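The structure appears right after this line, and notes come after that.
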Amino acid sequence: MFGIQSNPQLNKDSFEFSENAEFPYFTRTCLNNGIAGYVKYLDEEHKIKGNSIAVGMLGMQFFYMQKDFYAGQFTKTLYPKFATFNKLIAHFFIAWLNKSQKTFQGVLVRDFEKTFNKSVISLPIENKQIAFDFMESFIKSIEKECIRDVVCYQEAKKRAYERVVGFKSPLKC
């Protein structure tokens with residue numbers, strides 16, 4: 001379902017970093033969606049196409065990269081072999097990929113592609129086709145639940161504060 005490509009091997013000294021720069025600089029870090037900062041345009045040769053999944057080979061953490069980006073050493077990009085790929089479908093696959101992190105960490109970098117291509121994932125099927133609509137709906141419902149949990153947490157904190165200062169909130173979660 002995915003093709004794997006090694007990213008051009010550039011270190012961060014090759015780039016001009018700026019808070020207002022357009023392109024994410026993806027590295028092998030597991031923090032901040034793998035993004036070490038934003039860089040100015042370098043060239044087409046080293047630019048990596050967005051709407052893909054990037055992975056840092058040391059942490060084996062997978063991230064969705066919406067926009068075109070540049071990358072540091074020891075990174076790879078997974079490109080979908082199907083047209084319906086988008087952020088929601090990417091997150092469906094990323095959940096499984098990150099859950100399989102230990103399997104991928106157990107192989108050498110040079111064996112990653114072989115291990116990845118042997119991996120088997122159960123996908124939702126409808127009418128003998130992969131149910132991409134279901135994947136999107138499933139991820140949307142998880143996102144809504146996470147947002148609801150954050151709102152409820154904030155409301156609980158607000159009510160606790162209001163009890164201390166003697167004000168009662170009319171909102172309930």
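This is a predicted model, so every value here is computed, not measured.
When all heavy atoms of Leu58 and Arg28 are compared, the closest pair comes out as CD1-CD, 3.2 Å. Heavy atoms only, all atoms of each residue included: Phe23 and Lys47 are closest at CE2-CD, 3.6 Å. Of all the heavy atoms in Gly3 and Lys81, the pair that sits closest is N-CE, 3.7 Å. Residues Pro8 and Glu45 share a closest heavy-atom pair of CG-O, 4.1 Å. Contact record, Ser119 with Thr115: OG-O, 3.0 Å, taken as the closest heavy-atom pair. The two residues Tyr25 and Gly72 come nearest to each other via the heavy atoms OH-CA, 3.3 Å.
In this structure, Phe82 and Phe85 have perpendicular ring planes: the angle between them is above 60°, well past the 30° mark.
Remark: Tyr64 pairs with no residue by the ring-ring contact (aromatic ring centres under 6.0 Å, His included) rule, at least two apart or across chains. With sequence neighbours excluded, no residue satisfies side chain to side chain donor-acceptor pair (under 3.5 Å) with Asp133. Shown here are the ring-ring contact (aromatic ring centres under 6.0 Å, His included) partners of Phe69, two or more places apart in sequence or in another chain: there are none.
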Item to check | Trace of the side-chain contact (heavy atoms from CB on, under 4.5 Å) decision for Ile48 with Tyr70 | outcome: CA-CA 6 Å; Ile48 302 159; Tyr70 291 102; 5.6 Å; no
Next on the checklist: Apply side-chain contact (heavy atoms from CB on, under 4.5 Å) to residues Lys76 and Phe112 and explain how you reach the verdict.
Outcome noted: CA-CA 10 Å; Lys76 293 187 184 284; Phe112 170 78; 3.8 Å; yes
Next on the checklist: For a side-chain contact (heavy atoms from CB on, under 4.5 Å) check, start with the C-alpha distance between Arg148 and Lys144, then their side-chain angles and the critical distance, and finish with the verdict.
Outcome noted: CA-CA 6 Å; Arg148 184 187 58 80; Lys144 286 178 185 176; over 6 Å; no
Item to check | Stepwise side-chain contact (heavy atoms from CB on, under 4.5 Å) check, Tyr153 with Asp149 | outcome: CA-CA 6 Å; Tyr153 173 79; Asp149 289 348; over 6 Å; no
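Summarising the geometry, atom CD belonging to Gln129 is positioned 8.0 Å from atom CD1 belonging to Ile125; distances are rounded to the nearest 0.5 Å. Atom NZ of Lys99 is separated from atom CD1 of Ile94 by 15.5 Å, given to the nearest 0.5 angstrom. Atom SG of residue Cys30 and atom CD of residue Gln101 lie 6.0 Å apart, to the nearest 0.5 angstrom. To the nearest 0.5 Å, atoms CE (Met65) and NZ (Lys49) are separated by 13.5 Å. Distance check, rounded to the nearest 0.5 Å: CE of Met57 to CD of Gln105 gives 10.0 Å. Distance check: Thr84 OG1 to Leu88 CG gives 11.5 Å after rounding to the nearest 0.5 Å.
Exactly one residue among Asn98, Val55, Thr103 makes a side chain to side chain contact (heavy atoms under 4.5 Å, CB included) with Met60. That residue is Val55.
Using a 4.5 Å heavy-atom cutoff, the side chains of Phe92 and Leu123 are in contact. Ile130 is listed as a side-chain neighbour of Met1, based on a closest heavy-atom distance under 4.5 Å. For the pair Leu97/Ile121, no side-chain contact is recorded, criterion being any heavy-atom separation below 4.5 Å from C-beta on. Contact annotation: the side chain of Leu42 approaches that of Leu10 to within less than 4.5 Å [non-hydrogen atoms, C-beta and beyond]. Between Pro24 and Tyr38, some side-chain heavy-atom pair lies under the 4.5 Å cut-off. At a threshold of 4.5 Å between non-hydrogen side-chain atoms, the residues Phe63 and Phe26 count as touching.
Val107 and Ile4 are members of different hydrophobic clusters when ILVMFWY side chains are connected at heavy-atom separations under 4.5 Å.
Using modelled atom types and a 3.5 Å distance limit, the side chains of Asn7 and Gln73 yield no donor-acceptor pair.
The distance between the ring centers of Phe104 and Phe62 falls below 6.0 angstrom. Under the 6.0 Å cut-off for aromatic ring centres, Tyr79 and Phe2 do not qualify, their centroids lying 6.0 Å or more apart.
Checking side-chain atoms of Asn86 against main-chain N and O of Ile89 turns up a donor-acceptor pair under 3.5 Å. Using modelled atom types, no side-chain atom of Asn51 and backbone atom of Gln66 make a donor-acceptor pair closer than 3.5 Å. Looking at Asn117, its side chain does come within 3.5 Å of a backbone N or O of Glu113 through a donor-acceptor pair.
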